[in-house]
Participant: 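Here you go, one structure.
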There are 2 protein chains.
Amino acid sequence: MNKFYEIYLDLEKAILNQTYHAGTLLPSENDLAKVYHVSRETIRKALVLLLENGYIQKKQGKGSIVLNVNRFDFPVSGLTSFKELHDSQNLKSETIVTKNCIEKISKKLANHLKISQETEIIYVERQRKFNQEVVILDKDYLLTSIIPELPAEAAQNSIYDYIEHTLGLTISFAQKEITVDPATKKDHELMDLNGDTHVVVVRSDVYLEDTTLFQHTESRHRLDRFRFVEFARRRSPM
Amino acid sequence: MNKFYEIYLDLEKAILNQTYHAGTLLPSENDLAKVYHVSRETIRKALVLLLENGYIQKKQGKGSIVLNVNRFDFPVSGLTSFKELHDSQNLKSETIVTKNCIEKISKKLANHLKISQETEIIYVERQRKFNQEVVILDKDYLLTSIIPELPAEAAQNSIYDYIEHTLGLTISFAQKEITVDPATKKDHELMDLNGDTHVVVVRSDVYLEDTTLFQHTESRHRLDRFRFVEFARRRSPM
DNA sequence: GAGTGGTCTAGACCACTTG
DNA sequence: AAGTGGTCTAGACCACTCT
């Protein structure tokens with residue numbers, strides 16, 4: 001394991017522990033370098049991680065200020081799937097797979113992804129239930145050239161888990177888009193919309209480590225059950 | 001100016017230029033170090049920026065692959081304001097300031113921000129028009145302890161510009177939240193909702209460099225005019 | 001085996017903050 | 001003036017990819 005990542009985890013724990021209180025300063029980079037017996041650049045790499053994750057704020061000439069971290073506000077950002085998200089929240093949920101079949105890609109999607117209309121895909125459709133209500137409808141399109149088949153069990157549990165652990169592929173990055181679209185007939189059939197006329201739609205194009213596209217996802221959320229939280233740093237105009 | 005940032009801009013330009021084509025490899029870090037007459041670590045800092053901004057994908061033992069950058073998809077992420085966003089898109093827009101006054105903070109907001117109910121704030125309310133229609137309603141709450149007053153001109157143009165350039169303060173980070181809320185009476189009065197029952201609400205708590213909170217923002221968008229795009233990297237579970 | 005990126009070091013100089 | 005973070009260096013060793 002990396003030194004800088006271990007140091008990051010250690011400092012993160014200390015901040016969550018309140019060993020370092022919000023509003024106070026972390027020990028200086030030189031001090032931390034001595035404590036952990038590493039060079040200052042290694043400490044700095046750990047601090048960059050704390051910075052990016054909203055744990056600290058750095059100020060030249062002063063130090064690293066510990067921020068008030070509100071860990072109830074989990075970021076949906078950064079490519080996390082439904083399953084991982086709600087497992088971490090200990091919410092009671094249920095998944096119903098309504099479709100898991102191989103078919104030819106639709107014209108529209110082929111155009112969007114800029115790939116051949118002859119492309120073969122696995123189409124997976126899943127209802128997500130909370131408190132007996134279907135509040136999310138997930139549609140996944142997987143390229144069979146990369147994922148030849150999807151066992152029922154994988155669809156029921158986590159597709160990402162299957163891809164990463166069973167197939168040994170590395171998911172790397174995604175382009176995401178959030179919009180609010182009019183609810184379709186299918187939305188009304190498969191979701192408990194309570195008369196809502198719209199749904200929040202999160203679309204993602206997901207890529208592997210070698211930059212090949214392997215999945216498109218459409219996650220349709222009932223309005224009152226959608227929430228997106230983000231920690232954002234101002235782009236320094238420089 | 002930093003060396004690594006200049007190199008980043010140079011490489012960014014070259015990628016947008018298609019001097020480096022999507023799918024091909026950048027020169028190796030050692031080669032780039034020779035070309036720019038800097039150390040390899042400096043090159044690596046520039047490449048981290050390219051990586052974070054979705055321009056390249058790195059692979060150990062192989063190189064840095066240039067990605068297919070879709071620059072039509074501007075990210076709303078990363079703390080950019082209405083004015084900056086739409087100026088960059090060359091959209092015709094109009095801003096109408098409907099309120100700009102000093103008042104005591106509301107109980108609800110004081111609780112949310114965990115500050116005193118006696119806090120004095122500037123409340124600014126603005127309609128944002130596109131094609132003669134009000135599609136966004138912005139509400140800004142500025143702490144008078146940090147921003148004592150807001151000239152009408154600043155409210156009309158950019159509050160951030162006034163804060164950063166006139167007052168010389170440095171905006172640093174924000175906690176953002178996106179939800180879809182039922183439209184209020186005020187929404188119906190001040191926006192052209194065309195019968196919509198809901199609006200997208202983007203709430204932000206904004207902080208200065210020294211970690212003091214100075215602003216809360218509520219930006220209410222008509223459903224069909226809202227779009228959020230993000231380039232997301234998978235958290236390496238490690 | 002040669003070349004790539006990933007990590008780490010020990011030291012240097014600078015810009016900024018604070019006493 | 002002393003201490004802080006910001007940048008940069010030259011070199012080292014490792015893990016990985018490709019041929």
Side-chain angles (χ1 to χ4, degrees), chain A residues 1-11 20 23-52 55-67 168-170 172-173 208-212 233-234 236-238, chain B residues 1-11 20 23-52 55-67 168-170 172-173 208-212 233-234 236-238:
Chain A
M1 176 77 86
N2 301 334
K3 288 188 186 180
F4 74 87
Y5 192 68
E6 295 227 331
I7 293 169
Y8 161 69
L9 291 178
D10 201 56
L11 292 173
Y20 299 120
T24 64
L25 295 175
L26 286 186
S28 76
E29 294 179 351
N30 282 315
D31 287 352
L32 288 172
K34 280 174 203 153
V35 170
Y36 286 102
H37 302 292
V38 296
S39 73
R40 194 179 140 219
E41 285 286 9
T42 300
I43 292 296
R44 284 178 57 75
K45 281 181 191 165
L47 295 186
V48 164
L49 291 179
L50 291 174
L51 193 75
E52 285 174 351
Y55 287 108
I56 63 169
Q57 171 70 6
K58 303 183 85 176
K59 189 75 193 291
Q60 189 173 109
K62 197 163 181 200
S64 299
I65 307 168
V66 179
L67 296 183
L169 299 172
T170 306
S172 184
F173 60 91
L208 295 176
E209 207 178 10
D210 63 358
T211 78
T212 56
R233 280 189 184 279
R234 176 113 169 126
S236 48
M238 290 202 172
Chain B
M1 176 77 86
N2 301 335
K3 286 189 187 179
F4 75 87
Y5 192 68
E6 294 225 332
I7 293 168
Y8 161 68
L9 290 179
D10 201 54
L11 292 174
Y20 298 120
T24 64
L25 295 174
L26 286 185
S28 75
E29 296 179 351
N30 282 314
D31 287 352
L32 288 172
K34 279 173 205 154
V35 170
Y36 286 102
H37 302 290
V38 296
S39 73
R40 196 180 137 216
E41 285 284 11
T42 300
I43 292 294
R44 284 177 58 74
K45 281 182 190 164
L47 295 187
V48 163
L49 292 179
L50 291 174
L51 192 75
E52 285 173 350
Y55 287 109
I56 63 170
Q57 172 70 7
K58 303 182 85 175
K59 190 74 192 293
Q60 191 174 107
K62 196 164 180 199
S64 299
I65 307 167
V66 179
L67 296 183
L169 299 172
T170 305
S172 184
F173 60 92
L208 296 176
E209 206 177 12
D210 62 358
T211 77
T212 56
R233 278 187 187 280
R234 177 116 169 122
S236 47
M238 290 202 173

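Quick note on labels: first sequence line is chain A, next is B, and so on, each numbered from 1.
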Participant: What integer distance in Å separates A:Y8:OH from C:dT7:C1'?
Facilitator: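 Roughly 19 Å, once rounded to whole Å.
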Participant: Please report the distance, rounded to the nearest Å, between OH in A:Y36 and C1' in C:dT7.
Facilitator: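 For the pair A:Y36 OH and C:dT7 C1', the rounded distance is 18 Å.
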Participant: Measuring to OP1 and OP2 of C:dT9, would you say a side-chain N or O of A:T42 lies under 4.0 angstrom away?
Facilitator: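 Result: yes.
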Participant: Which one, D:dC8, C:dG5, C:dC8, comes nearest to the side chain of B:F4?
Facilitator: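 It is D:dC8.
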Participant: Rounding to a whole Å, what distance do you find between A:K58:NZ and C:dA15:P?
Facilitator: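 It is 18 Å, rounded to the nearest whole Å.
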Participant: Mind calculating the distance between CG (A:N2) and C1' (C:dG5) to the nearest angstrom?
Facilitator: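 After rounding, the gap between these two atoms is 13 Å.
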Participant: For A:Q57 and B:S172, test the side chains for any donor-to-acceptor distance below 3.5 angstrom and give the result as yes or no.
Facilitator: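 Indeed, the side chains of A:Q57 and B:S172 share at least one donor-acceptor pair under 3.5 Å.
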Participant: Please report the distance, rounded to the nearest Å, between NZ in A:K62 and P in C:dA15.
Facilitator: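 It is 21 Å, rounded to the nearest whole Å.
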Participant: Side-chain N or O of A:K3 versus OP1/OP2 of C:dT9: is the shortest distance under 4.0 Å?
Facilitator: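 For C:dT9, OP1/OP2 do have a side-chain N/O of A:K3 under 4.0 Å.
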Participant: For D:dG6, does either OP1 or OP2 sit under 4.0 Å from a side-chain N or O belonging to A:R44?
Facilitator: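 The answer is yes; a side-chain N or O of A:R44 sits under 4.0 Å from OP1 or OP2.
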Participant: Just to verify, which of B:K45, B:R44, B:K34 counts as forming a salt bridge (charged side-chain N to carboxylate O under 4.0 Å, His left out) with B:E29?
Facilitator: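 The salt bridge (charged side-chain N to carboxylate O under 4.0 Å, His left out) with B:E29 is passed solely by B:R44 among B:K45, B:R44, B:K34.
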Participant: Map A:Q60 and A:H37 onto DNA chain C by nearest heavy atom, then report which one ends up closer to the 5' terminus.
Facilitator: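 Of the two residues, A:H37 wins.
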Participant: In whole angstrom, what separates B:I56's CD1 from C:dT4's P?
Facilitator: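 One finds 15 Å between P of C:dT4 and CD1 of B:I56, rounded.
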Participant: What is the distance from CG of B:L25 to C1' of C:dT4, rounded to the nearest Å?
Facilitator: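 About 10 Å, once rounded to whole Å.
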Participant: Return whichever of B:E41 or B:K59 has its heavy-atom-nearest nucleotide of DNA chain C closer to the 5' end.
Facilitator: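 Nearest nucleotide further toward 5': that of B:K59.
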Participant: Within this structure, what is the CE-to-C1' distance between A:M1 and D:dC14, rounded to whole angstrom?
Facilitator: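 Distance check: A:M1 CE to D:dC14 C1' gives 17 Å.
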Participant: Quick one: does A:Y55's side chain get under 4.5 Å of A:L67's, heavy atoms only?
Facilitator: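 Not in contact.
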Participant: Verify the contact: side-chain N or O of A:S28 to OP1 or OP2 of D:dT4, cut-off strictly under 4.0 Å; return yes or no.
Facilitator: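 Answer yes for this pair, as a side-chain N or O of A:S28 is under 4.0 Å from OP1 or OP2.
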Participant: Any side-chain donor-acceptor pair under 3.5 Å between B:S28 and B:N30?
Facilitator: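 No donor-acceptor contact under 3.5 Å links the two side chains.
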Participant: Could you state the interatomic distance from CG (A:L26) to CD1 (A:I65), rounded to the nearest 0.5 Å?
Facilitator: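 CD1 of A:I65 is found 10.0 Å from CG of A:L26.
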